[in-house]
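Presented below is the structure to which this report refers.
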Amino acid sequence: MELQNKKIELPDFLAEREQVLTTWPTGKDVKFADGVKYQESLPEHKRFAAVLKKADQEGKTLSQPRAGVALVDEHIALLQGLQTACDLLPSTIDAYTRLNRYDEAAKGIAKSREAGTSLLNGFPAVNHGLAECRRVVEAVDKPVQVRHGTPDARLLAEITLAGGFSAYEGGGISYNIPYAKKVSLERSIRDWQYCDRLVGLYEEHGIRINREPFGPLSGTLVPPFMSHAVAIIEGLLALEQGVRSITVGYGQVGNIVQDIAAIRSLRALADEYFRAAGFDDFELTTVFHQWMGGFPENEAMAFSVISWGGAIAGMSGATKVIVKTPHEARGIPTMEANRQGLNATRQILNMVQDQVFPASDALAFEVELIKREVRAVMSKVFELGEGDIAVGTVRAFEAGVLDVPFAPAACNAGKLLPVRDNHGAVRVFEAGQVPLPEDVLTLHRDLIAERARAEGREPSFQMVVDDIYAISKSTLIGRPAK
Amino acid sequence: MQETIVIGVIGSDCHAVGNKILENVFARAGFNVINLGVMVSQDEYIDAAIETNARAILVSSIYGHGEIDCIGMRDRCTERGLDGIPLFVGGNLVIGKREFKDVEVIFKGMGFDRVFGPDVDLQHVVDCLHQDIAVYNREHLAVEAAA
Ligand code: B12
């Protein structure tokens with residue numbers, strides 16, 4: 001397999017498509033022309049890209065939950081229960097389907113029927129197939145997105161897009177590194193080029209499908225510049241295959257200045273890199289994920305984390321916010337718990353709607369810092385790929401130039417170690433092979449040293465572990481017990 | 001003597017953060033930790049335990065499919081000659097927010113010796129390991145001597 005960032009030729013795509021559709025029996029029901037016709041029949045208010053574009057023009061922040069259960073009728077009831085509390089709907093896919101283990105998903109469906117309750121952590125869309133996906137889309141009155149974590153998401157894309165879902169989350173990096181163990185990056189990037197090419201094909205037929213690289217990655221102390229680099233790369237790969245509606249994402253770290261700077265810089269950088277690559281006809285929006293790491297078990301405390309995320313999402317100007325629930329620390333939320341998270345978020349979004357986070361030196365400094373970090377990493381990726389971003393990405397992960405903390409994938413170096421500074425911003429404790437400029441590294445070191453002095457201990461792995469637990473134990477920074 | 005234990009996250013589960021912390025905690029507590037990482041099948045735990053002569057297997061399940069993935073684990077251990085090996089399980093073991101004591105009943109019913117929720121004090125787990133391994137060694141060695 002020769003990976004390159006080049007639009008897949010139509011005959012090659014179609015040949016591959018024939019094979020993809022045979023990987024599970026439900027694939028045979030998918031016909032592209034019929035998918036286009038079905039998508040054309042959706043009203044404007046159920047088209048994800050259109051709703052995002054409108055929100056962006058009006059300066060609004062939309063809310064979206066995560067939700068998915070094993071059986072179709074229950075899934076419909078869940079989405080119907082949620083749609084009055086949110087702007088955009090999801091269908092979160094179960095973990096067996098994410099790894100193409102459809103036979104295990106089938107067992108999960110059977111066991112869920114027996115138990116009378118969902119025993120799967122999401123909606124097994126491939127097993128249910130095209131007609132059932134359409135039943136879901138028809139039963140609700142908001143746009144629906146497929147949210148998952150699938151390294152090879154080709155069949156899932158075929159079925160759900162022909163099924164009327166109008167947005168598709170993921171990417172060859174962001175749905176490999178945090179979600180898989182032994183899948184090579186060449187493989188996952190190539191399989192996601194297929195998904196993007198499919199979306200591009202819909203685009204050629206006048207159907208705009210929104211694509212969203214998964215911003216938060218491992219959700220655990222990821223420095224903004226690293227997730228930004230991944231989002232920008234996945235955006236570039238998608239544009240090449242013909243995608244035109246892209247939502248770049250970011251997971252909240254919890255420090256207000258760093259979080260607002262992150263959304264501002266993410267949008268600016270994505271726009272800059274997409275244009276530099278020769279594209280100017282894309283629709284760019286942003287998504288802010290409420291805190292993606294460990295949550296407090298206490299539900300009142302969880303609401304506090306949710307609302308803080310909602311406030312920052314609104315004030316940062318993100319186009320949408322992905323909402324957590326008071327059940328986060330324990331298990332898949334009930335519909336009621338999910339609605340509570342959405343209601344708490346909507347209240348704070350409304351309250352900050354007309355407030356602008358004031359410009360300040362601190363904010364400008366943080367925006368500039370992130371931009372310099374991203375540019376340093378991106379230029380190394382282009383250099384390693386001799387101009388090809390797909391090749392460069394594979395080589396950059398091999399070299400540890402791109403490196404995601406706490407990720408399970410074997411192709412990720414795992415040498416980059418983050419830790420919070422004395423104000424809770426996430427900084428680089430050990431850079432591994434990530435090519436940050438010398439003065440930037442010194443800055444990170446100084447900021448961490450300031451915290452270490454305040455705590456009367458040396459920076460160490462224990463400090464990192466304390467930070468991993470901190471929010472679940474009611475603080476932002478993992479200070480040692482007094 | 002340094003005892004060997006096998007840890008890992010079962011099934012199709014990708015949650016890696018807790019696993020990395022468990023490795024660190026158990027290693028510092030003096031165990032020889034064989035960490036299989038995420039997405040581990042029942043047989044992979046058992047293969048590793050046989051190969052390294054491990055004294056306990058610690059299964060994590062975070063993503064909610066534990067109730068499906070863990071079925072038959074005890075029988076599989078017995079079948080493959082790991083009679084009575086201490087089997088611990090911990091994490092967010094089932095789908096949804098359920099009473100821990102109900103979850104414990106389900107997993108004890110499957111043959112796990114000890115069942116832990118996500119907020120368990122890991123020092124307590126270390127103590128349990130020492131205790132259960134001592135019993136296993138005594139009974140296991142006694143069986144071996146008799147044979
Ligand atoms: C970070 C995170 C992620 C990251 C994981 C990145 C990575 N690769 O590690 C991302 C965003 C990728 C992710 C993805 C998913 N996640 Co997630 N995730 C979390 C989150 C927020 C924190 C987990 C974490 O790292 N905690 C910190 C570590 C230190 O704690 P820990 O993992 O619990 O481990 C400790 C204890 O459990 C215990 N322990 C664990 N195992 C064992 C074993 C033994 C023997 C013992 C004694 C103790 C023990 O000790 C560990 C160390 O302290 C939790 C919710 C939460 N806790 O707030 C959800 C959560 C675990 N995720 C969940 C789910 C369902 C998923 C997905 C399936 C998506 C979905 N449908 O929502 C996918 C996974 C797909 C797959 N193939 O597995 C659910 C599980 C639901 C359930 N059980 O009912 C949770 C609880 C959220 C929720 N309420 O819905 N997730």
Side-chain angles (χ1 to χ4, degrees), chain A residues 69-70 94-101 104-105 107-108 111-112 115 117-122 149 151 176-182 218-221 293-297 299 325-334 337 404-410 412 414 461-462 464-465 468-469 472-473, chain B residues 7-29 35-42 44 60-72 90-103 106-107 110 116-123:
Chain A
V69 290
D94 73 287
Y96 293 140
T97 302
R98 293 171 184 220
L99 291 173
N100 314 101
R101 299 182 178 177
E104 288 184 61
K107 260 187 250 162
K111 281 195 182 296
S112 300
T117 174
S118 177
L119 296 182
L120 289 179
N121 53 22
N176 177 340
I177 304 296
Y179 284 100
K181 185 178 184 179
K182 291 174 189 159
S218 59
T220 307
L221 306 177
F295 250 64
E297 145 101 73
E299 296 191 10
T325 83
H327 286 184
E328 177 63 16
R330 273 304 154 114
I332 300 286
T334 57
V404 177
F406 314 111
N412 182 65
F461 186 66
Q462 188 54 48
V464 180
V465 171
I468 290 174
Y469 287 121
S472 68
K473 295 183 177 168
Chain B
I7 72 170
V9 189
I10 198 166
S12 304
D13 194 337
C14 74
H15 290 94
V17 184
N19 169 261
K20 288 180 204 278
I21 292 181
L22 290 180
E23 172 176 343
N24 184 265
V25 168
F26 294 135
R28 277 190 297 133
N35 185 1
L36 304 177
V38 302
M39 297 182 181
V40 181
S41 70
Q42 292 191 2
E44 284 172 316
S60 295
S61 180
I62 312 294
Y63 71 157
H65 292 180
E67 207 174 334
I68 301 177
D69 295 336
C70 292
I71 295 173
N92 298 69
L93 292 170
V94 297
I95 294 288
K97 186 166 180 169
R98 282 195 239 161
E99 285 295 330
F100 180 71
K101 58 180 191 332
D102 300 337
V103 175
I106 296 175
F107 284 82
M110 288 187 210
F116 302 97
D119 52 358
V120 59
D121 170 13
L122 297 175
Q123 190 46 51

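Note that the coordinates shown come from a computational prediction; the quantities given were computed from them, not determined experimentally. Labels below follow one simple rule: chain letters A, B, ... track the order of the sequence lines, proteins then strands, and each chain is numbered from 1.
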Is [X] in contact with chain B via its backbone, its side chain, both, or neither, using a 4.5 Å heavy-atom distance?
| X | value |
| --- | --- |
| A:Pro333 | neither |
| A:Ser118 | backbone |
| A:Leu99 | side chain |
| A:Pro178 | backbone |
| A:Ala337 | neither |
| A:Lys182 | side chain |
| A:Ala329 | backbone |

What pair of heavy atoms forms the shortest contact from A:Tyr179 to B:Cys14, and how long is it?
O-CB, 3.6 Å
Can you tell me how far [atom2] of [Y] sits from [atom1] of [X], rounded to the nearest 0.5 angstrom?
| X | Y | atom1 | atom2 | result |
| --- | --- | --- | --- | --- |
| A:Leu119 | B:Ile95 | CG | CD1 | 7.0 Å |
| B:Asn24 | A:Gln462 | CG | CD | 7.0 Å |
| A:Ile332 | B:Tyr63 | CD1 | OH | 11.5 Å |
| A:Arg330 | B:Leu93 | CZ | CG | 10.0 Å |

So, B:Ser12 versus A:Arg98: side-chain donor-acceptor pair below 3.5 Å or not?
no
In terms of side-chain heavy atoms, does B:Asp69 have a donor or acceptor partner in A:Tyr96 at a distance below 3.5 Å?
yes
Between A:Val464, A:Leu120, A:Thr117, which residue shows the highest count of heavy-atom pairs closer than 4.5 Å to chain B?
A:Leu120
When the 4.5 angstrom heavy-atom criterion is applied to B:Lys20 and chain A, the contacting part is side chain
With distance as the sole test, does A:Asn121 use its side chain to make a donor-acceptor pair with the main-chain N or O of B:His65 at under 3.5 Å?
no
For B:Val38, does its backbone N or O pair with a side-chain atom of A:Lys181 as donor and acceptor, under 3.5 Å?
yes
Derivation and outcome, side chain to side chain contact (heavy atoms under 4.5 Å, CB included), residues A:Glu297 and B:Lys97
CA-CA 10 Å; A:Glu297 145 101 73; B:Lys97 186 166 180 169; 3.8 Å; yes
